[in-house]
Student: 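Dropping the structure in here first, questions after.
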Amino acid sequence: MFIQKLHKLQAQWAKEVVIPQESRLTYFLSRPMLVLDIQYEGEKAYLGASLLSPNQAPIDLIGQSQAGLAYIPGLFCFREGPPLLAFVKKIFQHKALPRPALLIIDGHGIAHPQKLGVATWLGLRLQIPTIGCAKRSLLPYHGELGEERGSTLPVMLQGEQVGEVLRTQEGINPLFVSAGHLIHLEDAHQIMLYLPGAYRLPDALRQADQLARAAARKERLERVISLGECEAEF
DNA sequence: GCGACAG
DNA sequence: ATCTTGTCGC
Ligand SMILES: [Mg+2]
């Protein structure tokens, strides 16, 4: 069946994932990073992004594309991957925008049954470091998470830690962080805690979500760069 | 076999 | 994700 072929593709791609041993935190924190999210209206995909550069105001970006497959848990990369890829490529081509050295995506990286979440998929396609940040876990985890900000619990897969449950604000439900590609969990952890914000989700993710939502409602936005239609590649 | 299951 | 107002609790 078609679904089985997609699983096989994921298993094949998972072999290409690179999780470095060394930290590059100082590098990541000194370069622009792009935080992404999507909203849908039928098959239309509306993209929103916050481009963060050190000591500069965030740049708001929106765009539109077409959803990939219907949503199937575990095969999320085939739905959101293509539109995200088209959007990011267009951002890279835009000569007036700084080129991000890291992408943060609303979804999982390798904290996935096949170690192929949407953040990993996008990292592989672009060969750029990516972090997956989800609001719910796909994999089981156990233990008592501390109430203070920064508390974590490991998310395991076949004896290997593939992600973490991370409390970003005291007494607030945690997020699920995992490396996507070309970065390790420790750096991803530090970066998620470094991102500004007083709520469960870092401000940049909230902003990306709101931008995508505003784009879906076709609102007239100021100080937002619209990249228009982004042709999704299968 | 059944239920769960990122967005 | 989306359909959608008020409402309960800190
Ligand atoms: Mg989302």
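Both backbone and side-chain heavy atoms feed into the values below; hydrogens, waters and symmetry mates do not. Chain letters run A, B, ... following the sequence lines, proteins first, then strands; residues in each count from 1.
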Student: Closer than 4.0 angstrom, basic N to acidic O: yes or no for A:K115 and A:E160?
Tutor: yes
Student: How would you summarise protein contacts on nucleotides 2-7 of chain B per nucleotide, using B for base, S for sugar-phosphate only and - for none, with heavy-atom distances below 4.0 Å?
Tutor: ---BBB
Student: Give me the atom names and distance for the closest heavy-atom approach of A:G109 to A:S178.
Tutor: N-OG, 2.8 Å
Student: Between A:Q21 and A:H184, does any side-chain donor sit less than 3.5 Å from a side-chain acceptor?
Tutor: no
Student: Centre of A:Y27's six-membered ring, under 6.0 Å away, within 45 degrees of the axis: is that where NZ or CZ of A:R24 sits?
Tutor: yes
Student: Applying a strict under-4.5 Å side-chain criterion to I, L, V, M, F, W and Y, I'd like to know whether A:L102 and A:V88 cluster together.
Tutor: no
Student: Have a look at A:E41 and say if it touches a base, only the backbone sugar-phosphate, or nothing, with a 4.0 Å heavy-atom cut-off.
Tutor: nothing
Student: Does a salt bridge link A:E229 with A:K44, judged by any charged N lying under 4.0 Å from a carboxylate O?
Tutor: yes
Student: Between A:F176 and A:R136, is there a cation-pi geometry (under 6.0 Å to ring centre, at most 45° from the normal)?
Tutor: no
Student: Using heavy atoms and a sub-4.0 Å distance, could you list which residues of residues 162-176 of chain A are near DNA chain B? By number, please.
Tutor: none
Student: Shoot me the first and last contacting nucleotide of DNA chain C against chain A, ordered 5' to 3', at under 4.0 angstrom to non-hydrogen atoms.
Tutor: C:dA1 to C:dT2
Student: Would the distance check show the side chain of A:R149 and the main-chain N or O of A:R167 forming a donor-acceptor pair, the cut-off being under 3.5 Å?
Tutor: no
Student: Is a side-chain donor-acceptor pair under 3.5 Å present for A:H181 with A:Q127?
Tutor: yes
Student: Is the cationic atom of A:R217 (NZ for Lys, CZ for Arg) positioned less than 6.0 Å from the six-membered ring centroid of A:Y46 and within 45 degrees of its normal?
Tutor: no
